[in-house]
Amino acid sequence: MLIRLKKVISLLAAVIFLLGIAVLILPWVKEKWHDPLPVMGGEVHSLAADSFTAIGNESQSQDDNQRFQRPSNQLVPKNKFSFKDFEKDNDKPPLITDVFSNPEDAVRAYFGILRDASNMKGYLGGCGTIGNSVQPYSYAYELYSPDTRKQMSLSNFVNSFMGIGHINLLKLYPAYSPSGTPDKLKYYMFEIETITGPSEKDKKSYKRGGSYFAYYYGLITTEYNTNDGWKIKSIDYLPEDFLCAPYHGWAYAADYVVPIVYHDWYQLVDTVDSVEQNEDMINVLASGAAGQYRFDFVRLTNGYDILLHEYIWKNNQWEEINILQEKDQNLKLSPLNPNLQ
């Protein structure tokens, strides 16, 4: 009887031990193998730590904390669309009956609706209801293409905004379309400003700073079909960092990217002729044996200059081309950027 009891105790101990191991590794297994949930209706990507290693001289502007270590004080651009333009007396689908003939309008409508949305349950910030709470999300959701909505449920879409109290669209520009891209697909560079707060479980963080800002940029893919017009196919986000550029690398300044990449690496240009800035757009003009080149950058809120387009002067006009080699596509925000794949 005593021997049998010892065996039972040993068996129970083994079971408890195995259960303990399972509890420890289950979160790791789930994180490794589960389908990633969307974030703000899209996917957040990370830059490799060694994406831009230091080469040559450091940009003097990287010492300017007014550029790299504080948010911009520029006003949020006006958006002709808002949630009120689409709000119905009841929230029964279909909620969006507009058929957009312009992909940019579809994107602006999406962020115009989200500007009045918030999903702060379980998070600290605000002093009551923020905007129209979660109501606008179901409207914004309908601006995704039918195929995308099949892959991402409405509940997952709403949950992807947990902790987001406000979104401002800061920038929206056409991005490069690789050769062979069908006419039904268009790409846009965007930048957004979000306001969030810490989890209710972390009240100490709230006492230190209350709600706070976070900035993202990335690529939006839009898609057209004759029944639905232009819709959003996918959104890929890259978080902005205010602490990297002042201390590391050179690839955040347009006036260093062009001479290093297109002169030192590719021996394509001989001279940089001019660097012109118009608000947040920067155009670098350069010359080489094959002719004149233009490189268009957009300056983000954190001061980074992001390459959008490469041109060569041909037949009395600027012709867009893709000069970057495959290994260097991370230097341009486009569908070919490996950080977005």
Side-chain angles (χ1 to χ4, degrees), residues 37-45 76-88 91 93-119 130-175 177 184-196 214-225 227-239 298 301 333 335 340:
L37 294 174
V39 176
M40 292 184 290
E43 184 176 354
V44 175
H45 303 262
V76 174
K78 291 183 178 179
N79 190 336
K80 63 181 179 180
F81 297 103
S82 70
F83 175 56
K84 291 181 180 179
D85 296 326
F86 305 97
E87 187 177 12
K88 297 174 64 175
D91 291 336
L95 300 173
I96 302 292
T97 56
D98 301 60
V99 177
F100 293 97
S101 58
N102 183 321
E104 186 173 320
D105 281 349
V107 175
R108 290 191 181 279
Y110 175 79
F111 284 109
I113 292 171
L114 287 180
R115 189 173 182 177
D116 290 311
S118 67
N119 188 357
I130 303 170
N132 288 80
S133 190
V134 299
Q135 184 188 8
Y137 290 123
S138 55
Y139 289 78
Y141 177 72
E142 291 195 5
L143 288 171
Y144 280 85
S145 68
D147 287 342
T148 300
R149 278 181 276 155
K150 288 178 183 177
Q151 299 170 14
M152 177 172 52
S153 68
L154 175 59
S155 61
N156 277 350
F157 176 74
V158 175
N159 289 336
S160 74
F161 290 88
M162 287 179 62
I164 303 296
H166 189 72
I167 293 178
N168 285 317
L169 177 64
L170 300 181
K171 297 178 181 68
L172 185 66
Y173 294 107
S177 293
K184 69 175 184 177
L185 294 180
K186 298 293 181 184
Y187 301 100
Y188 286 87
M189 172 272 167
F190 74 98
E191 183 186 28
I192 61 170
E193 173 187 77
T194 68
I195 305 177
T196 183
Y215 294 82
Y216 299 82
Y217 70 104
L219 201 67
I220 294 178
T221 304
T222 60
E223 184 175 35
Y224 178 83
N225 70 60
N227 293 326
D228 303 304
W230 285 98
K231 297 281 189 178
I232 294 172
K233 180 178 175 65
S234 62
I235 302 179
D236 293 286
Y237 296 96
L238 289 166
V298 60
T301 298
L333 187 68
L340 299 177

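For the single chain, residues carry numbers from 1 onward in sequence order.
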If you apply the rule side chain to side chain contact (heavy atoms under 4.5 Å, CB included), what do you find for Lys184 with Glu223, and how did you get there? CA-CA 5 Å; Lys184 69 175 184 177; Glu223 184 175 35; 4.0 Å; yes
Start with the C-alpha gap between Ile167 and Phe111, add the side-chain angles, then the distance that decides, and say whether side chain to side chain contact (heavy atoms under 4.5 Å, CB included) holds. CA-CA 8 Å; Ile167 293 178; Phe111 284 109; 4.1 Å; yes
Run the side chain to side chain contact (heavy atoms under 4.5 Å, CB included) test on Ser177 and Leu185 for me, step by step, so that the C-alpha distance in whole Å, both residues' side-chain angles and the decisive distance to 0.1 Å come before the verdict. CA-CA 9 Å; Ser177 293; Leu185 294 180; over 6 Å; no
Check the pair Ile235, Met40 against side chain to side chain contact (heavy atoms under 4.5 Å, CB included), reporting the backbone distance first and the verdict last. CA-CA 9 Å; Ile235 302 179; Met40 292 184 290; over 6 Å; no
Give the intermediate values and the outcome of salt bridge (Lys or Arg N to Asp or Glu O under 4.0 Å) for residues Lys80 and Asp105. CA-CA 9 Å; Lys80 63 181 179 180; Asp105 281 349; 3.3 Å; yes
Are Tyr215 and Tyr237 close enough, and set up right, to give a ring pair (Phe, Tyr, Trp, His ring centres under 6.0 Å), and what steps lead you there? CA-CA 10 Å; Tyr215 294 82; Tyr237 296 96; over 10 Å; no
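For Phe81 and Tyr110, the ring centers are positioned 6.0 Å apart or more.
Note that CD1 of Ile192 is 12.0 Å distant from NZ of Lys171, once rounded to the nearest 0.5 Å. Rounding to the nearest 0.5 Å places CG of Asp116 at 11.5 Å from CZ of Phe86. From Ile220, atom CD1 reaches atom CD of Glu104 across 10.5 Å, with rounding to the nearest 0.5 Å. Taking OH of Tyr173 as the start and OH of Tyr188 as the end, the distance is 13.0 Å to the nearest 0.5 Å. Taken to the nearest 0.5 Å, the CG atom of Asn79 stands 10.0 Å off from the CG atom of Asn168. To the nearest 0.5 Å, atom NZ of residue Lys186 and atom OG1 of residue Thr222 are 8.0 Å apart.
Between Ala109 and Phe100, the closest heavy-atom pair is CB-CZ, 3.7 Å. Minimum heavy-atom separation, Pro38 to Asn156: CG-O, 3.7 Å. Heavy-atom minimum distance, Ala175 versus Leu219: CB-CD1, 3.6 Å. Across every non-hydrogen atom of Asn119 and Tyr137, the tightest pair is N-OH, 3.3 Å. Considering all non-hydrogen atoms of both residues, Pro93 and Glu142 come closest at CB-OE2, 3.3 Å. Across every non-hydrogen atom of Thr196 and Ile164, the tightest pair is OG1-N, 4.3 Å.
Between Phe157 and Tyr141, the ring planes are tilted. Angles from 30° to 60° get that label.
A donor-acceptor pair under 3.5 Å is absent between the side-chain atoms of Ser145 and the main chain of Lys233, judged by distance alone. Within the 3.5 Å criterion, the main-chain N or O of Gly41 finds a donor-acceptor partner in the side chain of Tyr144.
When side chains are defined from C-beta on, Tyr139 counts as touching Asp91, because their heavy atoms get closer than 4.5 Å. Side chains of Ile130 and Ile195 form no contact here, defined as non-hydrogen atoms less than 4.5 Å apart.
Side chain to side chain, Glu191 and Thr301 meet the donor-acceptor criterion of an N or O pair below 3.5 Å. In summary, the side chains of Ser155 and Ser153 do present a donor paired with an acceptor at a separation below 3.5 Å, with no hydrogens or angles considered.
Within a 6.0 Å radius of NZ in Lys88, other residues, nucleotides and ligands contribute more than 12 heavy atoms.
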